[in-house]
Amino acid sequence: MKVVLQNLTKTFPNRSRKGQKEVIAVDHFDFEIPDGKLIGLLGPSGCGKSTTLNLLCGLLKPTSGKIFFGEEDVTDLPAEKRGVGVVFQNYALYPHLTVKQNILFPLENLKGARKLTKARMLERANEAARLVQIDDLMERKPSELSGGQQQRVAIARALVKMPRVLLLDEPLSNLDARLRLQTREEIRRIQKETKITTIFVTHDQEEAMSISDRIVVMKQGVIQQIGRPQEVYDDPVNLFVAKFLGTPPINIFEGKIKDRKLCIGEEAILDIGDLSDQEVFVGIRPEGFVLCENGPLRCSLNGVEVMGRDISVVSTHSASVNPTIRSIISAENKVDLSSPTVRFALKPGKVFIFHKETEERIRFFAEK
Ligand code: ADP
Ligand code: MG
């Protein structure tokens with residue numbers, strides 16, 4: 001089922017701060033989710049992710065704009081008629097019911113033509129349980145399950161009605177690191193098997209990048225960029241997006257463009273095309289550094305961290321915005337730890353320039 005958000009806006013009255021009229025939680029969203037895809041809705045806490053999800057499932061009414069499922073305008077359709085399955089961060093299972101009863105619950109509430117026979121309900125519940133691999137836990141109570149198992153029950157409960165759209169709001173946040181990794185792969189597998197159009201909300205860029213067909217990066221209710229995870233990482237539209245994606249994060253420097261050269265501090269690090277002289281921010285991805293004896297970027301060496309296949313060189317520079325610079329280089333390189341400085345050449349494709357005030361990307365073409 002294709003999902004379309006059309007000029008969607010949601011404002012809340014502001015009760016706390018004086019002077020400000022309202023909070024714009026979702027600001028003129030326009031995007032289309034193709035049928036059968038998994039979309040990662042990504043942004044820091046408070047950027048409007050849950051509000052967007054609640055608009056999609058019908059818990060909230062938009063201030064303006066429309067929502068379509070396929071060709072159907074569902075903007076005014078009540079939640080229970082939308083055919084959405086929702087999973088929240090806190091699993092919200094009924095504690096006094098068994099796993100099986102929890103999964104059956106949404107089916108028992110179906111009315112009229114959609115009502116199922118008891119046998120058909122059981123069949124559907126078992127199918128959903130098999131899909132999330134909890135079919136051997138059906139007689140247990142939620143308190144007898146681990147967090148990961150509880151979250152699987154919640155997913156089964158969302159799937160049992162065969163929803164047109166699956167909405168997941170930070171579903172992995174309550175799980176420990178290992179389980180989080182495992183469960184996110186499970187979610188991806190289930191989504192691929194069922195081909196249900198899915199919107200996955202998270203503040204964790206790595207999580208979103210790893211399982212999404214497309215990511216939507218949000219900031220303060222405004223969409224910043226939409227694209228395949230790798231595309232957005234390789235080609236961020238602004239400083240916010242560049243900083244939000246990537247571990248270790250991108251290294252930011254104060255810089256300037258002068259006489260067709262990009263400078264960090266007083267050092268010219270790249271010959272770039274014809275851009276007007278100005279102050280800029282320079283972002284360099286950790287993998288954009290090349291250890292080079294006479295490289296143009298000279299940093300003070302703090303040390304190295306061994307990470308197995310790669311090493312992380314930790315250094316500082318007076319023009320660096322972050323306290324330290326992290327560069328990831330292959331472990332085959334030898335770093336002279338007795339030297340107070342380390343010098344780098346840079347891969348032009350890993351260097352981004354941003355406007356000093358607007359923080360929008362300034363594109364350039366590196367010259368040989
Ligand atoms: P996220 O899920 O990305 O953390 P939310 O969608 O929950 O963000 O919130 C977006 C913004 O809207 C925040 O500033 C939040 O304080 C505000 N907000 C959310 N729900 C309400 C509400 N019911 N009343 C007032 N403000 C709200
Ligand atoms: Mg939220």
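We count ligands from 1, going down the list as the structure has it; atoms in each ligand are counted the same way.
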Nearest neighbour in protein (non-hydrogen) for [atom]:
| atom | answer |
| --- | --- |
| atom 4 (O) of ligand 1 | Gly46 N, 2.6 Å |
| atom 19 (C) of ligand 1 | Phe12 CE1, 3.4 Å |
| atom 14 (O) of ligand 1 | Val23 CG1, 3.7 Å |
| atom 6 (O) of ligand 1 | Thr51 OG1, 2.5 Å |
| atom 7 (O) of ligand 1 | Ser50 CB, 3.8 Å |

Per-atom contacts of ligand 1 with Ala25, taking only distances under 4.0 Å to non-hydrogen atoms: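 With Ala25 as reference, the close atoms of ligand 1 come out as 10 (C), 11 (C), 12 (O).
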
Has Gly43 got any heavy atom lying under 4.0 angstrom from an atom of ligand 1? no

Quick check with a 6.0 Å cut-off and a 45 degree axis cone: is Arg285 positioned over the face of Tyr233's six-membered ring?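 Because its charged atom sits under 6.0 Å from the ring centre and within 45° of the axis, Arg285 does stack over Tyr233.
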
With a cut-off of 6.0 Å (strictly less than), are more than 12 heavy atoms of other residues, nucleotides or ligands near CD of Gln89?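 Atom CD in Gln89 is crowded, with more than 12 foreign heavy atoms closer than 6.0 Å.
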
Enclosure of Glu193 CD (heavy-atom neighbours >12, cutoff 6.0 Å): yes

I'd like to check atom 21 (C) of ligand 1 in this structure: does the protein have a heavy atom lying under 4.0 Å from it?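 Within 4.0 Å of atom 21 (C) of ligand 1, protein heavy atoms are found.
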
With the threshold set strictly below 4.0 angstrom, can you tell me whether any protein non-hydrogen atom sits that near atom 9 (O) of ligand 1? yes

Donor-acceptor pair between Arg184 and Ser210 side chains, under 3.5 angstrom: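 The answer is yes; a qualifying pair exists.
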
Do any of the N, O or S atoms of Ser50 sit under 2.8 Å from the Mg ion (ligand 2)?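 Of the N, O and S atoms in Ser50, at least one lies under 2.8 Å from the Mg ion (ligand 2), which means yes.
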
Return the orientation label for the Phe244 and Phe240 ring planes: parallel under 30°, perpendicular over 60°, tilted otherwise.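 Correct class here is parallel.
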
Answer yes if the ring centres of Tyr94 and Phe105 are under 6.0 angstrom apart, and no otherwise.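 Between Phe105 and Tyr94, which both carry aromatic rings, the centre distance is below 6.0 Å.
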
For the pair Glu231 and Arg214, find out whether any cationic side-chain nitrogen is under 4.0 Å from an anionic carboxylate oxygen.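 Between Arg214 and Glu231 there is no salt bridge, as every charged N stays at least 4.0 Å from the carboxylate O atoms.
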
